[in-house]
Structure formats: structure tokens, C-alpha cells
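Comments concern the structure below.
Naming: A, B, ... by sequence-line order, numbering from 1 per chain.
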Amino acid sequence: MASYLEKVNEIREGLSEALKSIGVQAEFDVAEPPNPQFGDISTNAAFQAAKAARRPPQELSRDIASALKLRDPEEVAVAVHPSGFINFTLTPPFYTRLLSELLEKRGFGEIGVGKRRVVIEHTSVNPNKALHVGHARNAVIGDVLYRLMRRLGHDVTVLNYIDDTGVQVADMLLGFFRMGFPLSTDMKFDHYCGDVVYVKVEEEVEKNPELLQERSRILKELEEGGAEYERAKGIIEAVVREQLKSVWQLGIRYDLLNWESHFLHYGYWKNMFETLKEKGLIKYETEGKNKGCWVLKGTKVLVRSDGTAVYTAKDITYAAWKLGILDDMFKYCEFAKQPDSTTLYTTCFDGKAGYRYTPADETYILIDQRQEPLQRLVKEVVEALSPGKSYNVLAYGLVSLSGSTASKLGVNAEGKKYVHMSGRSGVYYNLDDLLLELTKAARRTMDERGSRVKDPDATAKAIAVASIRYALVRQDLEKQIVFDIDESLKLEGDTGPYLQYTYVRARKILERTSEEGVPDAARLASEEERALMLELSKLTYSLLDAYRSFSPSRVAGYARRLAVAFNVFYEKHRVLDEQDANVRLARIALVRAFSYAFEDVLNVLGIPLVEEL
RNA sequence: GGGCCCGUAGCUCAGCCAGGAUAGAGCGUCGGCCUGCGGAGCCGGAGGCCCCGGGUUCAAAUCCCGGCGGGCCCGCCA
């Protein structure tokens with residue numbers, strides 16, 4: 001398939017041969033130049049080789065260029081720049097081949113990078129509350145990563161882990177069965193549990209030590225599977241089902257739900273404990289402050305002196321199961337049908353669903369930065385136990401609320417730039433509320449602009465989803481995000497709706513013509529047309545780069561650049577009213593090729609495609 | 001005390017991993033562009049000790065060291 005990636009590889013190989021033929025050895029880069037005046041692809045090979053050859057790079061660059069033999073010389077123009085760089089420019093024959101292949105295959109088709117067995121865990125929100133915008137960042141990044149991996153041809157499974165034996169669950173039980181909160185409510189159940197019950201219980205626990213004792217008793221029963229666990233089950237499941245409704249609206253889906261209690265009750269931890277002892281990864285302390293505990297790396301207690309396991313021990317167990325270090329003993333049941341028509345499975349005790357878990361070659365876990373140190377520990381342990389496999393920890397910066405947004409929620413933010421969210425104290429912005437506000441804002445904008453789409457509510461929702469997903473995925477992972485609701489409601493500029501609007505423009509052109517288009521790049525000679533074709537050619541190059549650097553934000557960056565290139569072309573050149581038939585047909589081919597590639601990228605980002613706004 | 005992340009235009013962020021050729025977007029601001037395929041767009045102006053100081057290099061926003069500022073983690077909590 002014709003692509004930028006193909007050409008970069010071809011040039012890299014050619015340069016290696018060329019250097020060999022003039023008797024110089026050197027590492028070099030083949031990269032995108034900073035400025036179009038330096039061509040489309042560029043190399044610093046002459047600079048890198050200069051030292052070994054003891055010759056000035058300027059002189060060397062001419063020799064390298066003349067020794068260079070490319071597979072398809074007519075598709076790349078080579079230029080030696082006086083500075084010493086060798087620059088390459090893609091030519092019309094290359095672009096003609098690119099366009100015809102895009103039209104023929106309706107896009108780039110498969111990307112051959114080798115199929116790996118990949119498992120991604122994301123979302124994993126405690127089952128006692130609704131998702132807030134911080135959780136949404138986790139889920140959206142995880143989902144884009146999933147879509148990216150799948151697009152690259154990997155065999156991907158998405159997991160969502162539910163901590164159903166933790167303090168938060170115990171607190172819900174306190175709320176419902178000690179403090180007397182009714183189980184039925186008019187509110188969405190996850191909101192009710194998080195906004196009302198949980199917050200009130202936390203307040204009460206602060207001043208009532210009796211409840212604290214009761215809480216630890218409940219916790220123990222949850223772990224052992226006693227009566228408290230039995231009555232918690234239904235409540236937890238109800239919350240999880242509401243949480244799923246929220247993420248499904250964003251186009252996010254999973255393959256399997258994992259429950260902490262199942263890992264305990266199936267006896268996985270027992271096996272893990274034995275494995276850790278056998279491999280000598282943990283030691284029993286007979287003196288000092290950790291006397292009576294099993295300790296990892298001399299500092300981290302995994303098993304308390306009373307024999308119970310700490311949270312990190314459960315994390316290690318889960319990670320080991322993902323990678324196949326522990327044999328899969330689970331039974332599986334169907335949990336739900338998802339909006340994308342796939343089935344969501346769950347582990348269970350009496351299942352007969354035809355699901356089978358296959359251990360991963362590489363796993364990914366999405367966590368916020370605060371949990372990074374512990375997950376690194378988990379990584380160290382499981383990678384030591386399974387050579388050749390990788391456990392990748394993707395940590396992202398916290399999402400906090402801007403001072404003004406916090407104030408709107410009734411939080412005293414007195415002149416602060418931002419405020420951290422906290423489930424315990426009820427300071428957070430819910431995903432459902434955001435989606436609702438954004439849908440209303442989109443609808444208002446549509447009305448203002450006289451939109452006449454068939455289903456305005458569905459379109460407004462699609463705009464809201466695009467807006468949220470793009471906003472949460474466009475920053476680099478490490479960056480903290482300060483969430484501001486007023487800022488989020490804007491639909492112009494560097495946003496998801498900008499991408500949707502660009503797509504609509506292309507679709508409208510194609511809708512209004514019955515001509516097929518002729519992929520003849522010789523007729524697309526303007527700066528804007530060349531720039532658009534160049535950007536188009538970079539799709540696979542960009543997706544691969546995003547994968548290699550674990551950076552979903554790069555997909556967003558590419559989508560944006562591709563859209564800009566199209567809009568610049570669109571403003572400058574007419575397609576359907578072009579009188580020269582050859583040019584018109586070539587432009588139609590270009591627009592069609594663009595629409596295929598753009599659909600492809602928007603699908604990776606999970607941005608809903610709309611035909612009109 | 002130990003460790004992790006961030007610091008680039010008034011604001012939000014790319015570029016740093018793989019050093020290179022005038023440091024790029026969006027928002028805001030100032031000024032242009034629709035009898036035309038959808039103006040949620042496009043073009044242009046103003047706006048930058050790339051946090052500071054050293055070092056490595058022919059070449060540093062980018063690599064190394066030391067500071068400063070902001071955020072976070074370091075429990076027989078979860």
C-alpha cells in the first residue's frame with residue numbers, strides 16, 4: 001500500500017545501502033522536516049556520518065545522494081540542501097498510486113504490524129458512585145487505546161475491574177442497613193449512591209466510632225463471602241449497570257467484567273501466595289516493625305501479621321491472571337448486550353457461556369498518577385514471573401475542577417485556580433451531567449444556526465460525545481487537566497465538533513455528485529492539494545507512532561492536522577464547479593479518498609460520524 | 001528525608017522519546033474573507049529571557065547535572 005510509512009522505510013533502507021557503498025557506518029534519522037520548503041521527508045545522515053568519515057557533512061551529503069538507489073525513483077525527488085540535509089519530496093506518481101489504492105480499498109485496509117494478544121484494563125471505578133470527568137478521562141483514553149490496537153490488527157480484550165469488597169462497598173451497606181437510607185429512589189441509582197448515601201455515610205463515620213467498628217466487620221464478611229456479601233451483590237450490580245449506561249453513551253465498551261470478590265472466592269490469591277513464596281519473591285519477617293508479615297523487596301508488606309492480604313497483593317494476583325501466570329479457573333456468564341451489539345461477559349460461579357479467556361502477551365492498565373508507584377511494583381513482580389511478556393502501566397495526570405466550576409457546584413473555592421475532585425466529600429463533576437449540558441449546548445447552537453437535520457437530538461448527542469472524547473484524549477497523558485464547564489461547552493476551534501464539521505463538508509460534496517472521480521495527482525498541483533495528499537499519506541505512519549509511544553493524544557493530533565489540511569484545500573479550491581473536467585474529477589477522487597481516511601481516524605478516536613450538523 | 005510528573009505566547013496546549021535548517025496550534029485580541037460545494041470555516045497582524053544556572057556537542061526547547069515553582073506518591077488504608 002502506498003503510504004508515507006512505506007516511503008520512509010524505503011528511504012531508510014536506501015540510505016543504509018548508500019552509506020555502506022561509500023564505506024561509512026553511522027546511525028541516522030529519517031524524519032519529517034520542520035518546514036515544507038525542506039521537502040516531505042528528510043535525513044541527517046550526512047551529519048551523523050561526518051565524524052566517522054572525517055569529512056564535512058556538506059560534501060558527504062552529495063556523495064550519499066549520488067550513491068542512493070531507491071526502489072521507485074520516480075515517486076521521490078531527492079535534493080541535497082547546502083546545509084547538509086538530504087531532502088525528499090513525494091511526487092505525483094506516488095500520490096496517484098496513493099489515491100487509486102485508497103479509492104479501490106476504500107481506505108488503507110489492514111496495517112501489517114504483527115498480531116499480538118493484548119489486554120487492556122480501564123475504567124475500573126469503585127461500584128458506589130457515578131463516573132465523574134476524571135473517570136471519563138480514564139475510560140476514553142483506554143477506549144482509544146483499544147480502538148488503536150484493534151486497528152493495527154492486534155487481538156484485543158478490554159477488561160473492567162470492579163472492587164466489590166472494598167471500604168466503599170462497606171460504607172454503602174452502612175448507609176442502607178444501619179443509617180436507614182431507602183434502596184429505592186427517583187435518582188439514577190449510581191448518582192444516588194455516590195451523591196447522597198456515600199457522602200452522608202462519610203460524614204457520619206467521622207463522628208461515630210461505632211460505625212467504624214461495624215465497617216471492619218462488614219469488610220471481613222465481604223472478603224469471605226458471608227451474609228453481608230450476599231446482600232451487597234444486588235446493590236453493587238445495580239450501580240455497575242448504571243455506570244455502564246454512562247460509558248456506553250460515549251461509545252465505550254468492554255469484553256469482560258472482573259470482580260475482586262471472585263478472585264478471592266475462587267482461591268486465586270492462595271495460588272499466587274504459593275507462587276510468590278516458591279520463587280522467593282517475598283520473605284517472612286521474624287523481627288522488626290514488619291514482624292510476622294510477608295514482605296516484598298524488604299519494604300512492602302503483602303500479607304499482614306493476621307494473615308490477610310493487602311490491596312497490592314490483589315493487584316498482583318489480577319495482573320498474574322491477565323498474563324497467564326495463574327491458570328484460569330473462572331466460569332463465565334453473559335452480563336449484557338452492548339450498544340455496539342457485542343456481548344459483555346462476566347466471571348461467575350455457575351456459568352456456561354461460551355467465553356474463554358486467553359492470556360495476554362502484553363497488558364495495559366490505565367491509572368491515575370497517584371497509583372503509579374504501586375503499579376510499578378506489580379509490573380516488576382509479574383514481569384519477573386513471565387519473561388517475554390509485558391505489563392504496561394499508563395499513568396495519566398489528575399483531572400481537577402477550575403475554581404469557577406467548583407463554585408458552581410457549591411464548593412467554596414475562594415479565588416483558587418483549581419480544586420481537586422473528591423468522591424468522599426462530594427466534590428466532582430459527573431459525566432452524565434456533562435453529557436447532558438453539552439447536548440443542550442449543541443442543540444442551542446444548532447437552532448441558532450438554523451440546522452435542519454432529521455434527528456436533532458441524536459445529532460446534538462453525537463456532537464456532545466465528540467466534544468467530550470476529543471477534549472479528554474487530546475492532551476498528553478502526563479498533563480494535569482483543569483476541567484472548566486464553560487470552556488467545555490465551546491464547540492469551535494480545536495474540538496471534536498470541528499472534526500465532525502470537516503467530515504460533513506466532505507460528505508456534502510460527494511453527496512451532490514454522481515461522478516466517480518479519477519485519481520490523477522498530476523491534476524492536483526496546488527500547494528493546498530499537495531499538502532492534503534501528503535497528510536493523507538501519513539495515516540499509518542501516525543497510528544504506528546501513537547502506538548509506539550503509548551500516546552492516544554497523537555491520534556487526535558493527526559486527525560486535527562488532516563482536518564486542517566482539508567479545510568484549507570476546501571476554502572481555496574472549488575470541486576463541483578470546476579470547469580476543467582480533468583481537474584474536477586481528480587478533486588472528487590481526492591475528496592473521496594480523504595473521506596475514507598478521515599472516517600478511519602475518527603473511528604479510532606471513537607468520534608461519531610455525522611452526515612450533517 | 002526518598003521518589004514520580006509538569007513548567008514553551010495573556011490562557012489551554014503541540015514540538016522533547018530518536019539534538020539540526022525562521023519555535024507551532026487553539027482560545028482571547030486586532031483586521032480581512034460568504035449572490036459560491038455548509039462561516040462550527042479560512043487568511044493575516046500583534047503577542048515568546050522555550051522556568052533559572054551550568055555542562056556535553058559543529059549544533060540544545062530537546063540530552064546530562066544543579067536549582068526554583070506547581071502537583072502527586074512513599075501505611076500491617078483501600
Side-chain angles (χ1 to χ4, degrees), chain A residues 27-31 33-35 37-38 42 44 47-48 50-51 56-57 81-85 87 126 163 165-168 170 219 285 289-295 299-312 314 368-374 376 395-398 400 417-418 420 442 445-446 448-451 463 474-482 484 487 490-502 504-513 548-549 551 553-554 556-557 560-561 563-564 567-578 587 591 612-613:
Chain A
E27 298 277 310
F28 56 88
D29 289 332
V30 177
N35 189 308
Q37 82 184 66
F38 302 126
S42 178
N44 63 352
F47 292 92
Q48 300 300 109
K51 209 169 215 173
H81 192 269
S83 62
F85 283 96
N87 297 329
N126 282 322
D163 178 2
T165 63
V167 169
Q168 289 86 353
L219 261 176
E285 299 283 339
K289 63 172 179 151
N290 294 332
K291 185 177 172 189
C293 301
W294 287 88
V295 178
T299 52
K300 178 66 193 169
V301 171
L302 282 196
V303 180
R304 304 182 186 101
S305 52
D306 68 0
T308 58
V310 303
Y311 194 82
T312 304
K314 298 172 192 171
D368 82 50
Q369 245 159 24
R370 293 173 302 189
Q371 306 168 58
E372 197 177 358
L374 281 181
R376 291 214 171 280
Y396 57 86
L398 287 180
S400 49
K417 274 190 85 174
Y418 58 89
H420 283 306
T445 307
M446 289 168 65
E448 278 162 25
R449 299 180 194 208
S451 167
I463 294 170
R474 61 179 267 261
Q475 293 90 344
D476 281 351
L477 290 184
E478 317 81 60
K479 239 77 168 195
Q480 289 179 44
I481 294 182
V482 177
D484 185 272
E487 206 54 46
K490 293 182 178 162
L491 306 175
E492 293 168 13
D494 189 6
T495 64
Y498 171 81
L499 303 180
Q500 289 176 312
Y501 180 68
T502 305
V504 166
R505 281 179 145 183
R507 293 301 310 166
K508 288 290 171 186
I509 292 174
L510 298 173
E511 235 171 59
R512 285 179 192 348
T513 180
R548 287 188 178 140
S549 48
S551 175
S553 66
R554 294 197 184 193
R560 158 104 193 146
R561 286 193 300 278
V564 168
N567 282 317
V568 171
F569 156 77
Y570 181 94
E571 297 280 345
K572 191 79 182 265
H573 304 283
R574 308 293 302 172
V575 177
L576 302 181
D577 333 332
E578 171 56 46
R587 284 184 186 159
V591 173
E612 48 186 1
L613 288 178

**Asked** Within the stacking criterion (centroid distance below 5.5 Å, interplanar angle below 30°), does F47(A) stack on G20(B)?
**Response**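 Aromatic stack with G20(B) absent for F47(A).
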**Request:** Mark this stacking check for F85(A) against G20(B) as yes or no, applying ring centres under 5.5 Å and ring planes under 30°.
**Result:**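 Aromatic stack with G20(B) absent for F85(A).
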**Request:** Using the six-membered ring wherever Trp is involved, compare the ring planes of F85(A) and F47(A) and label them parallel, tilted or perpendicular (cut-offs 30° and 60°).
**Result:**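 Correct class here is tilted.
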Whom does [N] pair with, Watson-Crick or G-U wobble, provided both distances fall under 3.5 Å?
| N | answer |
| --- | --- |
| U29(B) | G45(B) |
| G20(B) | C58(B) |
| C37(B) | none |
| G1(B) | C74(B) |

For [N], does either OP1 or OP2 sit under 4.0 Å from a side-chain N or O belonging to [X]?
| X | N | answer |
| --- | --- | --- |
| Y498(A) | C42(B) | yes |
| R505(A) | A40(B) | no |
| R587(A) | C37(B) | no |
| R574(A) | G36(B) | no |
| Y311(A) | A78(B) | no |
| H420(A) | C72(B) | yes |
| R304(A) | A78(B) | yes |

**Request:** Would you mind reading off the distance between K572(A) atom NZ and G32(B) atom P, rounded to a whole angstrom?
**Result:**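 That distance rounds to 20 Å.
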**Message:** Taking the nucleotide of RNA chain B with the nearest heavy atom to each, does P33(A) or D163(A) sit closer to the 5' end?
**Reply:**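 That would be P33(A).
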**Prompt:** Just by protein heavy atoms under 4.0 Å, how would nucleotides 11-17 of chain B read 5' to 3' in B, S and -?
**Reply:** -SSSS-B
